[in-house]
Structure formats: C-alpha cells, structure tokens
Amino acid sequence: MADGRYLEAFLHDSRESSGDAQPDSSGGEATPLTRGISACDGAPLVDTSRNREPQSQGEPQDASSDGMSWKEAFFHVLKGNIGTGLLGLPSAFAFAGLPFGVIGMAAICVMAVHCMYLLVKCAARLRDTSGKRDLHYAKVAELAFLCLPPPFCRYGKVGKYVVNTFLIITQMGLCCVYVLFVAVNMQQVFAACGVTLSEDVLILCSLILFLPGTCIRKLKHLSPLSGVATLVQVVSIMIIFAYLIIHTNIGDVKLAPSKPSLFFGVAVFSMEGVCLVLPLENGMRDRRQFSSALGAGMAVTSVLYIAMGVLGAIAFSQPHGSITLNLPSEGVAKNIPYIYVRLFYAFSIIATYFIQFYVPMAIMDHKVAKLGGKRLKPYTPYILRTVFVGITAVVAVVVPRLDLAISLVGSFSSSTLALIFPPVLELIIFWREKTLFMLVKDILIATVGALGMIVGTYTALSEMAQHK
C-alpha cells in the first residue's frame with residue numbers, strides 16, 4: 001500500500017488523462033506534444049535523437065524539498081508489492097513443481113523489474129522532450145503515440161484509454177480477490193470457534209465492512225488505517241515464515257509441474273506495484289536516487305517471493321489458495337497465533353481494499369457525475385461505489401477457488417500492465433535508437449507476457465468451469 005499523497009498525484013493525472021486536455025498554463029508557446037494531434041501532420045512530434053539524454057540521468061531534478069527520501073521510497077516499493085500475491089505463491093510453486101517454480105519466479109521477477117525500469121526510462125525521455133514535470137502510466141502511453149508517424153500519432157488518447165481500462169480491470173480484480181480472501185480466512189476462524197458459516201454468507205456479510213470505507217473520498221483519511229494494516233501485515237508475515245521454517249517436510253516436495261500456466265498468473269499477480277512506480281518517482285526529493293531505491297526494494301521483494309514459494313511448497317505437499325488457509329486452525333487455544341494471523345491479514349486486506357478500490361472510483365467519478373441530474377449529483381459517487389462493491393462481492397461468489405481468482409486476474413490484466421505495455425512503449429519511444437539487443441529483448445518480454453496472458457486466462461477459466 002503506497003502513501004496516500006502519491007496515489008493522489010497518480011489519480012489526478014489519470015483523471016486528467018481520461019478527460020479533455022487542458023490548456024498549457026505555463027504561459028509559454030505550446031510544444032508539439034502540448035499541441036497534441038493538431039501537429040500530427042509532418043515530422044515526428046518527439047525528438048528521440050540519441051544525442052539528447054533524459055533529464056533524470058543528467059542535471060539535478062526539480063524536486064520539491066518535501067519529497068521522499070531514498071529510505072521512504074524503498075519502503076513504499078516494499079509496501080506496494082507485498083500483498084495477497086505473496087501468500088498465493090506456495091500454491092503457484094506446487095502448480096509448477098519446485099525447480100521450475102524457482103526458475104520461473106526468478107525469471108518473472110527479472111522481467112517485471114526490468115519493465116518497471118522501462119517505464120522510468122520512457123517517462124524520463126518524455127519529460128525531457130515534452131516539458132511536463134510529472135508523468136504517469138496513462139500519460140506516458142498517450143505521449144508515446146505522438147512519437148509515431150502519421151496517421152498513428154493521432155490516436156494518443158487510445159493509448160491512455162487502454163492503459164486506464166486495464167488499470168480499472170486490474171484494481172477491481174484485486175478487490176474481488178480481497179473479498180474472497182477475507183471470506184475464506186474468516187470461515188476458518190469461525191470454524192475454529194465452533195461456528196459453521198458458508199463462504200457465500202460471509203461474502204455477503206463482508207459488504208458491511210467494505211461499504212463504509214469505500215465511501216471515504218479523501219485518501220488522507222485512510223492513511224492511519226493503512227499504517228496500522230501495514231504493521232499487522234508485517235507481524236503476520238513473520239509468524240508465517242516462522243511456521244514454515246519449523247515445519248519443513250522435504251520428503252513431500254513436488255518436483256514435476258502440474259499446471260504451469262496457473263503458476264504464471266499467480267506469479268505475475270504478486271507484482272502488484274507496477275502502477276505505483278511512476279507516482280513514487282514523481283514524489284522523490286531527487287529522482288536520480290529512485291532507480292537504486294526501486295532496485296533495492298524489488299530485490300528484497302523478489303527474495304521474499306521465492307522464499308515464500310519454496311518454504312510453502314516444502315511445508316505443505318498440496319498448498320491451496322492462500323498460505324494462511326493451510327495453517328493449523330483446529331482448537332483456538334492450541335493454535336491462537338495462527339488464528340490471529342488470519343484475523344490480522346483479513347484486517348490488512350480490508351484496509352488494502354479501500355485503497356485499491358479508490359483508484360478506479362477516482363477515475364470514473366467525474367464521468368459518472370455527468371450522467372445524473374442536479375438532484376442525483378451529490379449521491380452519484382456513493383451510488384457508484386455501492387454498485388461496484390456489490391459487483392466485487394458477486395464475482396467473489398461466482399469464483400470457486402481463491403487460487404483460480406488470483407491466477408485469472410494475474411494472467412489477464414496484471415501481465416498486460418507489468419510485461420506487455422512497457423516493452424512496447426520502449427520500442428515506440430526509442431525506435432530511432434533501437435539496437436538488435438533492445439529489439440529482441442522487448443519482443444521476447446512482450447511475447448512471454450502475451451502467451452502467459454492467453455494461456456493463463458484460458459486455463460483459469462477452464463478450471464473454474466470444471467469446479468461449477
């Protein structure tokens with residue numbers, strides 16, 4: 001979970017990019033990029049000559065004194081990438097077999113982190129050529145189209161709409177997973193206390209918890225809750241790792257892959273922070289320090305991913321869904337630490353739901369507000385939130401298993417944002433400077449992402465159909 005102020009900056013840009021362009025308030029003459037498609041009738045709109053270096057690699061950045069330090073950025077990278085995806089990795093490693101799981105997870109981490117750096121690289125070049133100070137994912141996609149020759153440069157809005165669409169799908173998919181996660185974990189907590197409740201009933205009851213928080217329309221009001229959720233999440237992860245280390249069972253380790261396509265979806269789903277990379281860089285006190293903070297944060301995150309997958313696959317021969325569902329639950333007094341882990345993580349995920357839900361709602365608010373009349377306008381945002389919270393609950397009821405939900409969201413939408421779009425953007429923006437290595441590398445990463453998206457989505461949907 002990233003700090004509210006950086007999400008606010010990201011959402012301000014997303015709302016701007018999904019609406020009409022605003023005139024340049026700088027008072028200077030408009031550049032080709034600020035003029036938009038009206039200049040799309042001659043030479044390329046962006047100077048991508050190899051002699052011009054991105055501003056972030058040269059002179060000091062125009063960062064504010066109240067920006068993030070290296071340490072703050074490092075912890076935000078950690079918080080933005082460690083969520084429910086981490087808990088699903090043991091089942092992913094069981095799908096892939098331990099050897100392929102380690103190799104595959106390491107490869108996906110390397111590709112995903114490289115793609116994060118590609119976003120930073122593309123944004124730096126476009127900042128340098130467009131004169132815009134802060135750029136975010138959707139805006140980078142829009143300006144990238146302006147690098148194309150006519151008539152393709154006329155479709156800059158297509159790029160930002162596609163990115164925003166996948167962003168909304170990803171965030172809503174995460175929220176569906178969160179609803180299901182809370183329900184299945186609370187089901188085990190109630191069962192340990194001798195109360196039997198169905199998963200569907202708990203999903204419907206969870207609406208009472210989710211609705212109030214989603215109606216909060218200022219991120220700063222969610223910051224205290226986010227801080228407490230991060231603390232209990234850290235404690236829970238420590239307890240989980242302690243249990244896995246104590247209960248290793250080498251004899252039951254699965255070596256042969258069973259469903260590697262499901263592994264891909266869960267592994268990519270764990271890379272939850274790709275959309276926060278540019279907002280965090282924009283919030284840096286000195287942007288030149290962000291690359292090392294990102295690298296350090298993702299190195300620690302990658303080690304945690306592989307360690308959780310390996311230890312979980314060793315401790316449980318057939319881990320299913322979240323690793324929390326495999327912890328002991330019979331007898332409250334005997335297994336009180338693991339009961340608390342489920343409660344702590346459920347609380348943490350509820351708080352994370354509010355943050356993740358905020359993103360698509362902020363993008364859609366101003367669009368939906370135009371649909372209602374003057375009488376309904378004050379209530380439209382709350383009607384929108386109530387409807388979409390209900391949709392996440394309905395989807396959670398329909399999906400039969402938590403691991404399949406994670407794999408579906410990861411394969412279909414997370415892979416697109418994390419592995420497909422960044423190399424495509426680099427090829428567009430740096431086409432005139434391309435090398436054979438860059439061409440092969442970007443095509444390979446995008447192809448892996450596209451194949452994983454198609455095969456993973458098909459496999460997850462097929463598995464869901466078989467369980468109905």
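- Counting heavy atoms from C-beta outward, Q233 and M238 have side chains that stay 4.5 Å or more apart.
- R287 has a carboxylate O that lies under 4.0 Å from a charged side-chain N of D134, or vice versa, which qualifies the two as a salt bridge.
- Within the cation-pi definition used here (under 6.0 Å to the ring centroid, within 45° of the axis), K121 qualifies as a partner of F430.
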Output side-chain donor-acceptor pairs under 3.5 Å for residues 180-197, partner residues at least two apart or in another chain, one line each.
residue : atom : partner : partner atom : Å
N185    : OD1  : T324    : OG1          : 2.6
N185    : ND2  : F181    : O            : 2.8
Q187    : NE2  : L197    : O            : 3.1
Q188    : OE1  : R342    : NE           : 2.7
Q188    : OE1  : R342    : NH2          : 2.9
Q188    : NE2  : L325    : O            : 3.0

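- Counting heavy atoms of neighbouring residues, nucleotides and ligands inside a 6.0 Å radius, atom OH of Y117 exceeds 12 of them.
- Under a 4.0 Å N-O distance rule, the pair K441/E426 qualifies as a salt bridge.
- A search for side chain to side chain contact (heavy atoms under 4.5 Å, CB included) contacts involving I420 returns T416, A450, M453, not counting sequence neighbours.
- Closest approach of L278 and L119 over heavy atoms only: CD2-O, 3.6 Å.
- Aromatic ring orientation, Y243 versus F316: parallel (interplanar angle below 30°, classes split at 30° and 60°).
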Candidate pair Y178 and F210, rule ring-ring contact (aromatic ring centres under 6.0 Å, His included), full reasoning: CA-CA 10 Å; Y178 293 162; F210 290 122; 8.7 Å; no
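- In this structure a side-chain-to-backbone donor-acceptor pair under 3.5 Å is present from N282 to L135.
- Across F93 and A313, no two heavy atoms sit closer than the pair CB-CB, 4.1 Å.
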